Every structure is written in C-alpha cells, then in structure tokens.
Undergrad: 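Just passing along the structure, written as structure tokens.
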Amino acid sequence: MARPVVGLICDRRRIDDEDVHLVLEQYITTVRDGAGALPLLIPVLDTPLDADDIFASVDGLLFTGSPSNVEPLHYGGPPAREPKNEDKYRDRLTLNLIRAAIEAMVPSFCICRGLQELNVALGGTLYQQVQEVPGRMDHREDPKMPEEVQWGPSHDVTVTKGGMLDGLLETKTFAVNSLHGQGIDRLAPPLREEAHAPDGQIEAVSLKNPQGFLLAVQWHPEWRWAEDAVSRKLWQHFAETLR
Ligand SMILES: N[C@@H](CCC(=O)NCCCC(=O)O)C(=O)O
C-alpha cells in the first residue's frame, strides 16, 4: 500500500547569492519514520504554490520550525529589532496555507515557528522577545552548549484539562526542549491552549472547534522522537489522521 504523503514547509534562505529552499533533516526523517509517511518538500516561491495544488498531492502538512521569525506586520507588532531574521516568502505562503488547510480539513502539525504562524494566521499576536516579558523564562537554547544540550529537555509543560493532549497523553506534565525567542502573546480566537510552561507561556494549541487534526507545539517533538514516549505518541496520532 502506498504511504501517505506529508508536505513539509521549507525555509527560503539566501546562500552564496542563490535562493535555497531547505528543511532540517530531522523533520524529514521523523515524517518518514515517526509518521510512516513519504516526505514531500514544499518550496517557498516568489509566487506561492496554490493551496489546492498542494492539497491534491498531500495527505497532511508539517509546518516546520525555523530560525526565522514571522514578520510583525502580519500581527500589527512593532518593527523587528533584527529585520534580517525574516522569511517574508515563507510568511506569504504559510499564513494563507494554514487557513486553507483548516478549511479543507488537511491534517496539520505545526512545530515552533509553525505554531507561531498558526497563531498569527488566525488573528493572534506574538511576543518578539519572550525572555524580556516580566515573569517569563528565557526559552532560547544556549548556542555555546553542545547540540545534545541545546536540543535536550529544558523545562516542563503541563497539559490543559479537556483538550486533545489531555485525551491523548497519559502523562500530564513532562519535559520538553525549547529553542525559541518568540512566543504566543494574544491567543488567536479560534484556538485553545493545550499546554503551558511553568511561567505561563503557551506551549501547545489546537482548534476550539476541531475540524480534522490540527495540533501546534512550541517545542520540538521531532528531535530524537523515538526515545520519548510523548513524541512517539504525537507522531503516531498524526500518522493515524493521515489515513
Ligand atoms: N524563530 C522563531 C521560531 C523558533 C523555531 O522554530 N526554532 C527552530 C530552530 C531550529 C529549526 O531550524 O527548526 C523563534 O525564535 O521563536
């Protein structure tokens, strides 16, 4: 039987004066092994690919993480302090694609930047520097540390009662990694909180009125997914919605 196909959103970066479309390999191998699907990379072109064309070729979508930030103009925020750290072509594709995927009930899993895109696409706002918000922790990785530490467990999250994760996971508090400087400020009206960090930062969301599968997490369940019971469950559940 043919494997289901999952479309992974690429980043668009300028490398050696060329436009390059790329995805970290860990997302690709996790889609293959954790969700049992065929990974299909979705490039971020000047004129975005048509959502219906994409939906005709995939059984689900993965909105990947990225070092780039959603441009604040999309949520009425002040100009970014680091305007170079943007991917305006990705914004142009994903903000519309997420809304279209919800409408078309295409199963979608959103990770890190993907969660932030979902919140902005549905009318929410972002903190541009979570660590500067009074009472919030620093959710960024330490780039001076070895990769294992940067991507290793960083803080707990607690699952919110009555949501998708509450129904899915036996463990209600568990450790996650944390590699983000931005985060949800105002939650988009159609979304509900699924989990939060000890400082109150929203760490996972889903639709209040679910239509198909839509889950977004601020952490990275693709990192060493096979070694972590919660990550295994999330990928398995995503896989089940693809068929
Ligand atoms: N830039 C945003 C989003 C953070 C994010 O997605 N990090 C993932 C980095 C690794 C990768 O390339 O997937 C923020 O800082 O909040």
Side-chain angles (χ1 to χ4, degrees), residues 1-10 23-42 51-65 94 97-115 117-119 121-122 157-177 190-196 202-243:
M1 206 172 76
R3 282 170 179 251
V5 178
V6 169
L8 294 89
I9 308 302
C10 288
V23 173
L24 280 193
E25 190 175 80
Q26 67 195 37
Y27 295 108
I28 300 172
T29 53
T30 305
V31 162
R32 182 193 62 187
D33 304 329
L38 183 76
L40 177 73
L41 304 199
I42 310 282
D52 288 330
D53 285 344
I54 295 174
F55 300 159
S57 302
V58 304
D59 300 293
L61 286 169
L62 181 65
F63 291 86
T64 55
T94 54
L97 188 62
I98 287 180
R99 288 188 289 262
I102 292 169
E103 181 81 8
M105 291 203 282
V106 176
S108 297
F109 196 3
C110 309
I111 294 178
C112 208
R113 189 198 215 262
L115 168 140
E117 289 169 334
L118 171 68
N119 190 51
L122 298 185
V157 294
T158 299
V159 169
T160 309
K161 283 199 169 62
M164 180 197 297
L165 291 182
D166 193 24
L168 193 64
L169 303 174
E170 280 163 30
T171 319
K172 306 303 177 195
T173 298
F174 51 89
V176 297
N177 54 16
L191 297 177
R192 54 161 288 144
E193 179 193 299
E194 285 279 344
H196 60 269
I202 294 176
E203 290 277 337
V205 298
S206 67
L207 279 176
K208 276 181 192 160
N209 299 309
Q211 313 166 50
F213 176 88
L214 178 75
L215 178 66
V217 298
Q218 187 61 83
W219 69 90
H220 288 270
E222 81 284 2
W223 169 256
R224 305 221 166 140
W225 66 275
E227 297 170 17
D228 179 72
V230 169
S231 303
R232 285 199 302 274
K233 191 82 184 171
L234 295 182
W235 290 107
Q236 183 196 339
H237 187 61
F238 181 44
E240 283 162 5
T241 69
L242 300 172
R243 300 187 173 97

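Given the structure is predicted, the values throughout are model-derived calculations rather than measurements. Both backbone and side-chain heavy atoms feed into the values below; hydrogens, waters and symmetry mates do not.
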Undergrad: Roughly how far apart are E25 CD and I28 CD1, rounded to 0.5 Å?
TA: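 Between atom CD of E25 and atom CD1 of I28 there are 6.5 Å.
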Undergrad: Does atom CD (Q211) have a neighbourhood of more than 12 heavy atoms from anything else shown, all under 6.0 Å?
TA: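 Correct, the count exceeds 12.
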Undergrad: Do the side chain of D59 and the main chain of V5 share a donor and acceptor less than 3.5 angstrom apart?
TA: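 Confirmed, D59 side chain pairs with V5 backbone.
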Undergrad: Tell me whether the count of non-hydrogen atoms from other residues, nucleotides or ligands lying under 6.0 Å of CG in N209 goes above 12.
TA: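 Count not over threshold, so no.
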Undergrad: Given side chain to side chain contact (heavy atoms under 4.5 Å, CB included), test R224 with Q26 step by step and report yes or no.
TA: CA-CA 8 Å; R224 305 221 166 140; Q26 67 195 37; over 6 Å; no
Undergrad: If every non-hydrogen atom of G65 is compared with every non-hydrogen atom of C112, which pair is closest and at what distance?
TA: CA-CB, 4.0 Å
Undergrad: Compare all side-chain heavy atoms of L122 with those of L207 and state whether any distance is below 4.5 angstrom.
TA: yes
Undergrad: Could you tell me if the ring centre of F109 sits under 6.0 Å from that of F63?
TA: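 Distance test on ring centres: not under 6.0 Å, no.
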Undergrad: So, do L41 and I9 sit near enough that their side-chain heavy atoms are less than 4.5 Å apart?
TA: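 Contact flag for L41/I9 side chains = no.
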Undergrad: State, yes or no, whether a side-chain contact exists between V205 and V217 at a heavy-atom distance under 4.5 Å.
TA: no
Undergrad: Roughly how far apart are T241 OG1 and M105 CE, rounded to 0.5 Å?
TA: 12.5 Å
Undergrad: For a quick test of reading the model, state the closest non-hydrogen atom pair linking A195 to V157 and the distance between them.
TA: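 In terms of heavy atoms, the two residues are closest at CB-CB, 4.4 Å.
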Undergrad: Check the angle between the aromatic planes of F238 and F213 and answer parallel, tilted or perpendicular using the 30° and 60° thresholds.
TA: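 Correct class here is tilted.
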Undergrad: Is it the case that the side chains of E194 and S206 hold a donor-acceptor pair, with the cut-off being a distance below 3.5 Å and no angle test?
TA: yes
Undergrad: With a 4.5 Å limit on heavy-atom distance, are the side chains of M164 and L215 in contact?
TA: yes
Undergrad: Quick one: do L97 and F55 satisfy side chain to side chain contact (heavy atoms under 4.5 Å, CB included)? Show the steps, please.
TA: CA-CA 10 Å; L97 188 62; F55 300 159; 3.7 Å; yes
Undergrad: Tell me whether the count of non-hydrogen atoms from other residues, nucleotides or ligands lying under 6.0 Å of CD in E103 goes above 12.
TA: no
Undergrad: Return the CG to CD1 distance between L40 and I54, rounded to the nearest 0.5 Å.
TA: 9.0 Å
Undergrad: Quick one: does L214's side chain get under 4.5 Å of L118's, heavy atoms only?
TA: yes
Undergrad: Please report the interatomic distance NE2(H220) to CG(D228), rounded to the nearest 0.5 Å.
TA: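 Output value for this atom pair is 14.0 Å.
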Undergrad: Salt-bridged, E117 to R113, with N to O below 4.0 Å?
TA: yes
Undergrad: Looking at every heavy atom in both V6 and A37, which two are closest together, and how far apart are they?
TA: CG2-CB, 3.6 Å
Undergrad: Under the 3.5 angstrom rule, does the side chain of W235 hit a backbone N or O of P221 as a donor-acceptor pair?
TA: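 Yes; at least one donor-acceptor contact below 3.5 Å.
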Undergrad: Is there a side-chain contact between L165 and T160 (heavy atoms, below 4.5 Å)?
TA: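 No. Closest side-chain heavy atoms not under 4.5 Å.
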Undergrad: Between V106 and G60, what is the shortest heavy-atom contact and its length?
TA: CG1-CA, 4.0 Å
Undergrad: Hey, could you give me the CD1/CG distance between I42 and L61, rounded to the nearest 0.5 Å?
TA: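 Reported to 0.5 Å precision, the distance equals 6.5 Å.
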Undergrad: Keeping K172 on the side-chain end and D166 on the backbone end, is there a donor-acceptor pair under 3.5 Å?
TA: yes
Undergrad: Return the CZ to OG1 distance between R232 and T30, rounded to the nearest 0.5 Å.
TA: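 Answer for the CZ-OG1 pair, R232 versus T30, is 13.0 Å.
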Undergrad: If we only count heavy atoms from C-beta on, is the L168 to K233 side-chain gap below 4.5 Å?
TA: yes
Undergrad: What is the minimum heavy-atom distance between C110 and L115, and which atoms define it?
TA: CB-N, 3.7 Å
Undergrad: Would you say the rings of W225 and Y27 are close, in the sense that their centroids are separated by under 6.0 Å?
TA: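 No, they do not, as the ring centres are separated by 6.0 Å or more.
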Undergrad: Hey, are Q218 and E203 close enough side-chain-wise for a donor-acceptor pair under 3.5 Å?
TA: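 The criterion, which ignores hydrogens and geometry beyond distance, is not satisfied for Q218 and E203.
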Undergrad: So, for W219 and L234, which heavy atoms are closest and what is the spacing to 0.1 Å?
TA: CZ2-CD1, 4.2 Å
